[in-house]
Amino acid sequence: MKLGLVGATGVVGGTILRVLEERSLPIETLFAYASRDRSETIRFQNVDVPIFAATAERLAADAPDVVLFASSDDASAELAEAIAARGAYVVDNAATFRLDPLAPLVVPEINAHAIEAHHRIFPVANCTAIVLCMGIAPIARVAGLRSVRLASYQAVSGAGRAGLEALAAEEAAFASGAPAPEASTFAAPIARNVVPQIGSWNGLGGEDTGEERKVVAETRKILGLPTLRMAATTVRVPVRTAHSEVAFVETLRPTSREELAAAFAVAPGVVYHADGIVTPREVEGSDLVHVARLRPEPDSDGTFFQLWIVGDQLRKGAATNGVQIVETLLTRGALA
């Protein structure tokens, strides 16, 4: 298999490279691309790989079998359809095609059945939606879902390398007593703070942010529940790479904590904690999503539950999910 990686020098691209090596995909040739030609190389499977500008001409000449995008929306919007038109596969971490009705939004543990033979473009869902769906899909399978309310506490890596660097710079300033850098990456300073805005909005308080709209729309698509009642409040917190989420769910039929715990116990990619807590620092670097504090709401009729969900947004929320889509295509014989 010849594999191309657009955005190879970014934080998601670097994570994809690690995941590809860890999971030992049968890659014969790796092509690395960025916004421009680079003098440096990247190291993959003990080989120095040159980095070229991601242009239509370059990608056509290299002819990779599958291209993973870990770059801006503009890159995939410009290049993906041409790649797919020549019969190759595209796995895209940008938002470009997520809500395209012709493109499945696949989280392989949940809806690999959505992949059909004619599909060539596979967007990777919003990281918050992926972590959420991993945590609530087992509930949907056994008891159905009538509604979901979400409060998310999202890591700075969701804003890419700039987010990680902003947190590090602000923490260093606090430690040294220096003036804090101006908040440019986030809507407000992030160190020792929480910021209840991710994505754009009008600032008047009467609408959802862009991130909140994404999470709602993409969760519905992943779960195949287009009429699911849902609302979200997304918050940035001073954590490096793992998102934490509190989900308040209403099931279609009465169930019990015991039945739901049994569903989590057999859910692929999920670790269920019957007791105690799990924190984002504990799950950094893991491909698994953790669920804890599952409990019925007081005085409910067996249809209202709360749970705590934690997962690494760089890995399962982005890089690993994309690589798993490639693995699914390999398993089905679509890639050699």
Side-chain angles (χ1 to χ4, degrees), residues 95 98-99 104-111 114 123-155 158 196-199 201 207-237 242-257 259-264 267-273 278 280 289-311 313 316-317 321:
R98 288 175 184 166
L99 298 181
L105 195 58
V106 175
V107 179
E109 297 93 334
I110 297 171
N111 64 339
V124 176
N126 172 278
C127 49
T128 309
I130 291 175
V131 172
L132 173 64
C133 288
M134 288 292 291
I136 63 176
I139 299 175
R141 282 193 286 267
V142 299
L145 285 174
R146 187 183 306 278
S147 67
V148 176
R149 302 290 184 266
L150 173 71
S152 72
Y153 309 93
Q154 298 181 210
Q197 178 190 345
I198 303 176
W201 64 326
E207 65 176 72
D208 288 340
T209 66
E211 180 80 354
E212 288 155 355
R213 292 190 293 269
K214 287 180 189 177
V215 171
V216 169
E218 294 179 30
T219 296
R220 288 171 174 160
K221 185 173 180 180
I222 293 165
L223 297 178
L225 299 173
T227 61
L228 178 67
R229 291 182 59 190
M230 187 173 173
T233 294
T234 59
V235 180
R236 190 74 72 188
V237 296
H243 286 356
S244 303
E245 304 177 8
V246 178
F248 303 83
V249 302
E250 179 187 7
T251 59
L252 284 174
R253 68 164 181 83
T255 183
S256 66
R257 183 176 186 267
E259 182 180 30
L260 297 182
F264 283 119
V270 175
V271 178
Y272 174 64
H273 301 257
V278 60
V289 172
H290 293 248
V291 171
R293 301 210 64 206
L294 171 66
R295 62 205 191 275
E297 292 190 10
D299 303 318
S300 74
D301 59 358
T303 60
F304 290 89
F305 292 84
Q306 304 174 40
L307 62 157
W308 172 254
I309 310 165
V310 187
Q313 76 84 211
K316 182 53 188 168
N321 199 83

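Numbers for residues simply follow the sequence, beginning at 1. Every value quoted in this text rests on a predicted model; they were computed, and no experiment measured them.
- Across every non-hydrogen atom of L105 and P123, the tightest pair is CD1-O, 3.7 Å.
- When each of V270, I222, N321 is checked for a side-chain contact (heavy atoms from CB on, under 4.5 Å) with M134, only V270 meets the rule.
- Residues Q306 and V249 have side chains not in contact (no heavy-atom distance under 4.5 Å, counting atoms from C-beta outward).
- For the pair E218/L99, a side-chain contact is recorded, criterion being any heavy-atom separation below 4.5 Å from C-beta on.
- The side-chain heavy atoms of T227 and R146, taken from C-beta on, include no pair separated by under 4.5 Å.
- In this structure, the side chains of H243 and P280 stay at 4.5 Å or more apart for every pair of heavy atoms.
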Taking it one step at a time, do I136 and L132 satisfy side chain to side chain contact (heavy atoms under 4.5 Å, CB included)? CA-CA 6 Å; I136 63 176; L132 173 64; 3.9 Å; yes
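- Within the 4.5 Å cutoff, the side chain of P296 has no heavy atoms near those of the F304 side chain.
- Remark: L228 CG to E250 CD distance equals 10.0 Å, nearest 0.5 Å.
- Shown here for G135 and L307, the closest heavy-atom pair between the two residues is O-CD1, 3.6 Å.
- Here the shortest heavy-atom pairing between M230 and V216 reads SD-CA, 3.9 Å.
- A donor-acceptor pair under 3.5 Å links the side-chain atoms of T209 to the main chain of I198, judged by distance alone.
- Contact detail for T251 and G302: the closest heavy-atom pair is OG1-O, 3.9 Å.
- Taking the six-membered ring for Trp and thresholds of 30 and 60 degrees, Y272 and F264 have nearly parallel ring planes, at less than 30 degrees apart.
- Going from atom CD1 of I309 over to atom OG of S152 covers 11.0 Å, rounded to the nearest 0.5 Å.
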Checking side chain to side chain contact (heavy atoms under 4.5 Å, CB included) for the pair V246/L150: CA distance, chi angles, key distance, verdict? CA-CA 6 Å; V246 178; L150 173 71; over 6 Å; no
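- Using a 4.0 Å cut-off between charged side-chain N and carboxylate O, R236 and E211 make no salt bridge.
- R295 CZ: more than 12 foreign heavy atoms inside a 6.0 Å radius.
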Going through the distances and angles, do R213 and E207 end up as a salt bridge (charged side-chain N to carboxylate O under 4.0 Å, His left out)? CA-CA 10 Å; R213 292 190 293 269; E207 65 176 72; 3.8 Å; yes
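- Looking at heavy atoms from C-beta onward, T219 lies in side-chain contact with L223 at the 4.5 angstrom threshold.
- Taking the side chain as every heavy atom from C-beta outward, I130 and K316 approach each other to under 4.5 Å.
- Considering every non-hydrogen atom in both Q313 and G158, the closest pair reads OE1-N, 3.3 Å.
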Does the side chain to side chain contact (heavy atoms under 4.5 Å, CB included) test come out yes or no for I139 and R141, once each step is laid out? CA-CA 5 Å; I139 299 175; R141 282 193 286 267; over 6 Å; no
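- No more than 12 heavy-atom neighbours from other residues, nucleotides or ligands sit within 6.0 angstrom of CZ on R229.
- Between the N111 side chain and the A114 main chain, no donor and acceptor come within less than 3.5 Å of each other.
- Note that the CG atom of D208 and the NZ atom of K214 stand 13.5 Å from one another [nearest 0.5 Å].
- With a 4.5 Å cut-off on side-chain heavy atoms, S147 and L145 do not count as touching.
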Working note: W308 + L294, criterion side chain to side chain contact (heavy atoms under 4.5 Å, CB included); need CA distance, chi angles, decisive distance, verdict. CA-CA 7 Å; W308 172 254; L294 171 66; over 6 Å; no
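- The distance from the CZ atom of F305 to the CD atom of E297 is 9.0 Å, given to the nearest 0.5 Å.
- Taken to the nearest 0.5 Å, the OG1 atom of T234 stands 10.0 Å off from the CD atom of E245.
- For the atom pair R220 CZ and C133 SG, the distance stands at 12.0 Å (nearest 0.5 Å).
- In this structure, P138 and A263 approach most closely via the heavy-atom pair O-CB, 3.9 Å.
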